[in-house]
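Below is one structure; the comments refer to it alone.
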Number of protein chains: 2
Amino acid sequence: MPVRADAQRNAARVLAAARRAVASTGLDVSYHEIAREAGVGVGTVYRRYPERDQLMAAVLSDILTELIDTAHQALDCDDAWEGFSLLFTSLALRTAQNVGLSGSLDQHGGPAVAQQRHELLDLTRRVIERAQNQGRLRRDLAWQDVLRLTGAPAVQGCVLGLEPDPAHGHHLVLTVLLDGLQTDGAKVA
Amino acid sequence: MPVRADAQRNAARVLAAARRAVASTGLDVSYHEIAREAGVGVGTVYRRYPERDQLMAAVLSDILTELIDTAHQALDCDDAWEGFSLLFTSLALRTAQNVGLSGSLDQHGGPAVAQQRHELLDLTRRVIERAQNQGRLRRDLAWQDVLRLTGAPAVQGCVLGLEPDPAHGHHLVLTVLLDGLQTDGAKVA
DNA sequence: AAACAAACGGACCAGACTTGTCCGTTTCCA
DNA sequence: TGGAAACGGACAAGTCTGGTCCGTTTGTTT
């Protein structure tokens, strides 16, 4: 007995909804919320992912796969700085879209996800160090520190309550950050 | 009949606790949580601030007063860049300590708080424009944009789950941001 | 087309947490 | 030392969460 057509369709819907829900709410999003977002009953979500970790592993793996792909692209760039800013931008954007899951990623997902995470970390380190070796990226920061900076564009809110304007905001912080990360002063000024 | 001594003491405790609680949890922190943090009963908190808006107004006013003070100091600096980085740092730190209340500040607090907010906004604009006029701060950003950047250090979490390390993280993002905001290339490299 | 099982949906239960009240007890001050 | 002001925390009511269960729908097979 093969997988039923509607089951397959709903599986896809649930995963997509889970990604959206996790992105906006965080890893502690409720099953009810995901079900609502997916347009299915809670029962369906629980049937598909009896354990919460299974669901989170699926979501995280989805995200990590995309990023690993980007990291490979970055390493393929001849220009190390171009590669670096590509990966940095992707990481920053992904982090911004997933505020709320930051930090706790290593807690969930089991060995498969841990493996992917490790792979992405390694690729990222290589992209950063290559840019530093080519003299384009400032050397006074460890690669972990550079990585940490990808979180910066995630929040544009300020104590003064300006309207958020996420799209413009992300781009803005990225521009200034990348300018600050370069060794030479080749910026618009 | 003057204010009783214990009442006065508890009032201070509640306000301090509310600031801490709002800082870590956000504006939607529960009264019970605040009471626990303050070491008093819920009744005491409700008696002091029957309306939630009154409490929030008190907290926000407290924060704004500090920042307005810093802004005046910034304007008193002869060196416009020094003044700017002082204020920028304070705003960033305050935002980082109050993740969660970002954006919604204008919703609460009533006219008195709105007035303070307006005052701080005006002072900040002057600090920024002065630095730009002295040729120290890049001109391709509007003062509102610069202000928006103060939110950047608030999050250091990255999709890869590195340990947060707030203290170092804030300093790190600030350094790179300030380097990226300067017009000349006078950085460590 | 009929019949059967897989998959579905959402009502439902229990438990955690929140708002807000109320009253017996404590604490200050005159 | 008497009495009012202030306190604390138990308590009721409502909301949201995790998780189950069963009558109904839907796809597939013959």
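Proteins get letters first, then strands, A, B, ... in listed order; numbering begins at 1 in each.
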So salt bridge (Lys or Arg N to Asp or Glu O under 4.0 Å) across residues 77-88 of chain A, not counting sequence neighbours, yields D79(A)-R136(A)

Apply ring-ring contact (aromatic ring centres under 6.0 Å, His included) to F88(A) and list each qualifying residue two or more places apart in sequence or on a separate chain. F84(A)

What is the separation between atom CD on Q8(A) and atom P on dA6(C), rounded to the nearest whole Å? 17 Å

Distance, nearest 0.5 Å, that separates CH2 of W143(B) from CZ of R148(B): 9.5 Å

Can you name the residues that form a side chain to side chain donor-acceptor pair (under 3.5 Å) with D6(B), not counting sequence neighbours? R4(B)

For D69(A), which residues count as a side chain to side chain donor-acceptor pair (under 3.5 Å) partner, sequence neighbours excluded? none

Side-chain N or O of T44(B) closer than 4.0 Å to phosphate OP1/OP2 of dG8(D): yes

List in chain and number order the residues that pass side chain to side chain donor-acceptor pair (under 3.5 Å) with E119(A), two or more places apart in sequence or in another chain; answer none if no residue qualifies. none

d(CG, D53(A); C1', dG18(D)) in whole Å: 15 Å

Please encode protein proximity along nucleotides 11-22 of chain C as a string of B, S and -, counting only heavy-atom distances under 4.0 Å. B------SBBB-

Quiz: residues 32-42 of chain B side-chain donor-acceptor pairs under 3.5 angstrom, not counting sequence neighbours:
residue	atom	partner	partner atom	Å
E33(B)	OE1	R36(B)	NH1	2.8
E37(B)	OE2	R20(B)	NH1	2.5

Mind calculating the distance between CZ (R48(A)) and C1' (dG19(D)) to the nearest angstrom? 17 Å

N/O contacts under 3.5 Å, protein versus nucleotides 23-27 of chain D?
residue	atom	partner	partner atom	Å
dT26(D)	O2	R4(A)	NH1	3.4
dT26(D)	O2	R4(A)	NH2	3.3

Kindly state each residue pair satisfying side-chain hydrogen bond (donor to acceptor under 3.5 Å, both in side chains) with at least one member in residues 58-67 of chain A, sequence neighbours excluded. R19(A)-D62(A), R19(A)-E66(A), S61(A)-Q116(A), T65(A)-Q116(A), E66(A)-R94(A)

Does N10(B) make a side-chain N or O approach to OP1 or OP2 of dC7(D) shorter than 4.0 Å? yes

